[in-house]
Structures are given as C-alpha cells and as structure tokens.
Amino acid sequence: MSAHGCPVIIGGGAAGLMAALCLAPRPVVLLCGGTLGFETASGWAQGGVAAAVGPDDDFAMHTQDTLSAGAGLCDAAVVRRIIEAGPWAIDFLTRRGADFGRHANGTLALGLEAAHSRRRIVHAKDATGAEVMRVLINAVRAAEHITIHEHTLVTELAVRGNRVCAVHAATPAGALSIATTCAVIATGGAGGLFAHTTNPLGATGTGLALAARAGADLRDMEFVQFHPTALSCGLDPMPLVSEAVRGEGAVFIDNAGTRFMNGLDLAARDIVARAVAAKYAANDSVFLDARRVPPKKFPGIFTTCRAQGIDPATQPIPVRPAAHYHMGGIAVNADCESSVTGLFACGEAAATGLHGANRLASNSLLEAMVTGRIVAQAVSGRTAEATDAPLPARQASRQAPVVREICSQSLGIYRNAPELEAAVARLRPLAAQSDAALVALLMAQSALRRRESRGAHTRADFPHTDPAQATSSTINLSGLADTGLNA
C-alpha cells in the first residue's frame with residue numbers, strides 16, 4: 001500500500017495503537033521508535049485502567065474524583081466524555097482477550113488506588129499495561145490496513161500555511177518522507193528528562209518538540225507528576241511500586257519505623273509526593289511497609305524487590321518520589337486536534353483537559369484508549385491528501401545529557417524563581433538543536449509564569465493556590481522571544 005496520503009501515527013504505545021486500530025479499514029502508517037511495544041510507558045503501567053464498572057460505582061463519582069484530583073484545572077466536559085467511555089474501553093480489551101483479574105463468580109476484581117472513592121481499577125495483577133499492550137500489539141500486527149515502520153525516528157513535521165503537509169523520518173533503510181495532511185502524535189511523556197524517573201529513558205517529550213517546532217500550542221507544561229513510591233535501589237529508570245500496593249494495606253514509615261502520613265497514605269499523588277520529599281529533605285528515609293500484603297497480589301513488584309535484595313514479606317521497601325507522568329502536552333480540542341490543522345495528539349502527549357494539575361491514578365491508560373478512538377473518529381472524516389512532500393529542513397538532536405541535571409535541580413517537586421530562571425538561561429542556547437532541551441525550556445518557562453502552587457506544581461516562593469490562576473496555561477515558540485527557535 002502506498003504511504004502517501006495515509007494518516008500517519010507517530011508512537012507505538014496504547015494511544016497510538018488504539019488510534020491505528022480504530023481507523024480500520026482506512027489505510028494508516030504507524031511509525032514506532034523501537035520494536036512495537038518495547039520501551040513504552042503504556043507497557044510498564046502496573047496499576048490498571050480506571051473505569052466505573054463496579055456495582056457501587058457510577059460515572060458521577062469517577063468524574064468527581066477526577067475533578068478533585070485535578071485541582072481546578074480539569075475540563076469538566078472532557079472528564080465526563082472520557083469517564084463515560086470507561087466501560088467501552090474495558091469491553092474492547094476483554095473481547096480481544098485481555099485477561100483481567102476476576103472473582104470466582106466471573107465479575108471483575110476491582111482494585112483501589114489513591115484518591116479514588118471506590119474500587120474501580122480493572123487490572124491484570126500488577127502488569128496491566130503489559131497485558132493491554134499484548135492485546136493491542138496482536139491486533140495491530142494482524143490488521144491489514146496498518147503499515148508498521150519500526151525503529152523509525154521522526155525528525156520533522158512539515159507545515160504549509162498552518163496545515164500539516166508531510167512527516168519526515170529516519171528508518172534503518174534510510175530517509176522516509178510521507179506526504180499527508182493528517183498526522184497523529186502519540187509519543188508519550190517526558191519523564192526521561194529527570195534524573196529520577198519511572199519512565200523509559202527515551203521518554204523525553206520528542207512528540208511535544210515536533211509539535212512545537214511545527215507551530216502548535218502546548219498547554220500546562222509546568223505540571224509534572226512525581227510518583228511517591230519509586231523503588232529506591234539505584235536503578236535508572238526506577239522500578240515503580242504501584243499505588244495499588246497501598247490500596248491493599250501497605251503504609252508509609254520512616255527510618256524509625258513510624259507512620260507519618262496521618263492516615264493519608266492514599267491521598268492524591270501530589271500530597272503524598274510532597275510529604276515523602278519533605279522526609280528526605282530532613283535527612284530521613286521513607287519505606288513502604290507491605291509486610292501484611294499478600295505477595296500473590298503483586299508478583300511482579302515483589303519479584304523486582306527481591307532481585308534487589310529486598311523481601312517485601314519481611315522488610316520495608318525503600319521508596320522515593322520520581323517523575324512519572326506529564327499532565328501537560330500538546331493543546332488539543334474536543335477532536336484531539338492541535339492548533340495546527342491536521343495535527344492530532346492523543347495519550348500522554350496530549351493535554352486534553354482530563355487531568356488538570358494532577359492526574360488521578362489509573363486514568364492514564366483510560367485516556368490513551370479513549371483519545372485514540374476520538375482521534376480515529378476525527379481523522380476518519382478527513383481526506384489525507386498526497387501532495388509533494390517538502391524536503392526536511394532540520395535534524396534535531398534528541399538528547400542533551402545536561403538536561404536531566406537541569407530538570408532535576410530546577411523542575412522537581414519544589415520550585416522557586418531563581419532556580420527556574422537559571423534553568424531557562426541554561427536551556428535557551430541548547431533548545432534550537434536539542435528536542436530534550438526545548439521541552440525542558442517550555443516546562444521551565446511555564447513553571448516560572450505560574451506564580452502559585454497548584455496540584456503537582458509547587459512553588460516554594462508562592463506556596464498558596466491563587467483562585468485567580470485557576471486556568472490552563474498555553475505556550476508556543478512565538479511566545480519565547482529572541483530564542484531563534486522559530487527561525
């Protein structure tokens with residue numbers, strides 16, 4: 001099948017695969033940076049898919065929990081739309097063979113995670129992401145309408161008159177240029193920009209940089225979620241100890257073995273991450289006491305701990321916060337289309353309005369599934385024209401090692417103006433050629449502009465939430481004056 005004129009999906013995680021599948025029978029090209037499904041944050045997700053499918057649950061409660069966690073920045077209409085598609089997402093996966101945990105009577109065994117008022121986490125033990133990806137990868141590889149290019153690095157989105165006109169990429173076989181007026185970014189997040197992260201190290205916001213250089217608006221770039229319980233064992237990236245472990249009774253303790261969360265062990269992630277970080281700032285250490293949690297519930301996590309010399313059945317698990325999820329991303333409308341015509345985004349790469357200032361646990365896989373379908377529905381109504389693909393204008397460097405140091409120093413859990421200003425000054429000369437530095441610069445500039453503390457964004461110099469700032473922030477290259485980035 002000819003690639004020219006087909007919609008092009010960039011990214012091989014759950015959102016990209018779902019978009020590709022839902023475009024059937026329309027031909028689509030899927031560009032994946034590695035082997036399909038390998039090194040994707042979707043595949044590493046432990047907890048599960050949040051969905052209001054339990055007998056004591058409903059859409060209104062799931063919606064309210066999401067809005068509460070989002071600290072005033074969620075788009076209520078988007079929240080309702082995605083939450084109400086939860087049962088569809090579970091049914092889609094189940095009909096294709098997903099092996100979710102069930103009770104003896106066949107009903108779904110639902111888990112509990114932080115800031116959820118009900119048990120609503122549909123899971124496959126502690127490897128839900130891997131199970132979701134297994135199902136989606138099998139379906140994509142079997143689909144005749146999808147052409148897959150693995151180990152392919154997208155270098156540029158070409159734009160004419162604020163409309164996508166081509167995608168340029170580097171493949172093992174050489175350069176690839178696809179003329180199209182429909183491109184979808186589903187490249188995931190940016191946790192790899194931080195020294196402590198639970199994300200694949202390749203998660204450096206590549207798709208956000210592509211969109212920004214193409215002229216797209218980005219939204220809420222300052223909001224980075226730090227998961228409070230990454231396994232502190234010297235590995236990079238850090239293994240995650242799922243929130244679901246606390247949902248089954250694990251509690252936080254300090255060096256002295258004392259509980260310190262005052263019953264808030266399952267509070268929203270921003271609250272817990274700050275409490276854990278405060279312990280470390282006071283030269284204490286933090287552990288998760290899971291000695292009363294049945295090992296059979298979390299075989300993967302317990303196996304990982306034991307491989308590092310920690311037996312959770314008899315020893316507390318050392319944990320610390322790590323960059324986990326980016327609530328910000330490419331600003332999109334209800335059809336998941338960006339400010340550049342024909343450029344769509346879904347999953348973590350998109351700022352849809354679902355998460356606001358702080359994502360509710362296990363809403364990420366749900367969003368990936370649902371926004372993948374939304375993109376497919378929107379793209380299905382468009383004609384992807386095959387025009388002459390303009391030649392690529394640039395080749396960006398993906399990595400800048402110093403960026404991890406800068407982000408960790410200045411864009412961590414606690415932020416202040418002097419450190420953010422220093423980060424902007426260091427990142428600005430790197431951003432023209434480094435995608436990692438560009439994304440970090442956009443984060444730092446956005447964090448500097450938000451002079452309050454809200455959700456996952458905590459300013460030590462502005463510790464209070466300002467009701468007047470209860471609005472999303474938008475940034476683009478034209479808003480970064482005198483950088484030469486949009487030359």
Side-chain angles (χ1 to χ4, degrees), residues 1 3 6-49 51 85 88-101 122-154 169 171-172 176 183-189 198-203 206-207 237 240 299-300 344-350 362 364-376 379:
M1 131 179 101
C6 292
V8 178
I9 296 174
I10 306 164
L17 300 189
M18 177 58 70
L21 287 171
C22 289
L23 273 165
R26 183 172 184 174
V28 60
V29 177
L30 178 65
L31 307 180
C32 177
T35 302
L36 193 62
F38 182 71
E39 291 286 295
T40 65
S42 298
W44 290 12
Q46 292 175 344
V49 184
W88 164 83
I90 301 305
D91 181 65
F92 181 97
L93 293 167
T94 300
R95 284 189 288 108
R96 285 159 179 80
D99 185 16
F100 293 128
V122 179
H123 60 91
K125 293 184 179 178
D126 57 358
T128 309
E131 178 63 6
V132 168
M133 289 298 290
R134 180 190 69 81
V135 170
L136 295 179
I137 289 168
N138 286 345
V140 164
R141 290 209 181 277
E144 295 182 355
H145 72 288
I146 303 173
T147 297
I148 304 168
H149 290 273
E150 296 176 298
H151 305 286
T152 296
L153 179 67
V154 177
T171 78
L176 173 68
V184 180
I185 293 179
T187 50
T198 63
N199 289 180
L201 298 186
T206 298
L240 183 65
F344 298 80
C346 53
E348 190 174 354
S362 287
S364 51
L365 282 176
L366 171 65
E367 181 188 41
M369 298 278 293
V370 177
T371 58
R373 182 177 68 161
I374 290 172
V375 162
V379 171

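All heavy atoms count here, side chains included; hydrogens, waters and symmetry mates do not. Owing to the predicted nature of the structure, the values given are computational and were not obtained by experimental measurement.
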Quick check against the 3.5 Å criterion: does [X] have a side-chain atom that pairs as donor or acceptor with the backbone of [Y]?
X    : Y    : result
D126 : Q46  : no
E367 : E348 : no
R134 : G97  : yes
E131 : D99  : yes
R26  : P7   : no
T187 : G207 : yes
R96  : F92  : yes
S362 : G47  : no
T371 : G347 : yes

Within-4.5 Å side-chain heavy-atom neighbours: [X] and [Y]:
X   : Y    : answer
L93 : F100 : yes
L21 : I146 : yes
V8  : V184 : no
I9  : V29  : no

> Partners of T198 by side chain to side chain donor-acceptor pair (under 3.5 Å), sequence neighbours excluded?
Replying inline: H324
Which heavy atom of [X] sits nearest to which heavy atom of [Y], and what is that distance?
X    : Y    : result
G12  : C32  : CA-SG, 4.3 Å
A376 : A19  : CB-O, 3.6 Å
P237 : N199 : CB-O, 3.2 Å
G48  : L365 : O-CD1, 3.7 Å
A89  : M369 : O-CE, 3.8 Å
V122 : T128 : O-CG2, 3.9 Å

>> If you apply the rule side chain to side chain contact (heavy atoms under 4.5 Å, CB included), what do you find for V379 with F344, and how did you get there?
In response: CA-CA 9 Å; V379 171; F344 298 80; 3.8 Å; yes
> Could you state the interatomic distance from CG (L153) to OG1 (T206), rounded to the nearest 0.5 Å?
Replying inline: 7.0 Å
> Which distance, rounded to the nearest 0.5 Å, do you find between the CG of L176 and the CG of L31?
Replying inline: 6.5 Å
> Is a side-chain donor-acceptor pair under 3.5 Å present for T35 with H151?
Replying inline: yes
> Under the criterion side chain to side chain contact (heavy atoms under 4.5 Å, CB included), which of H149, M133, E150 is the partner of L36?
Replying inline: E150
> How far apart are the C-alpha atoms of T147 and L30, what are their side-chain angles, what is the distance that settles it, and do they pass the side chain to side chain contact (heavy atoms under 4.5 Å, CB included) test?
Replying inline: CA-CA 6 Å; T147 297; L30 178 65; over 6 Å; no
>> For A15, give me all partners under side-chain contact (heavy atoms from CB on, under 4.5 Å), at least two apart in sequence or on another chain.
In response: A186, C346, A368
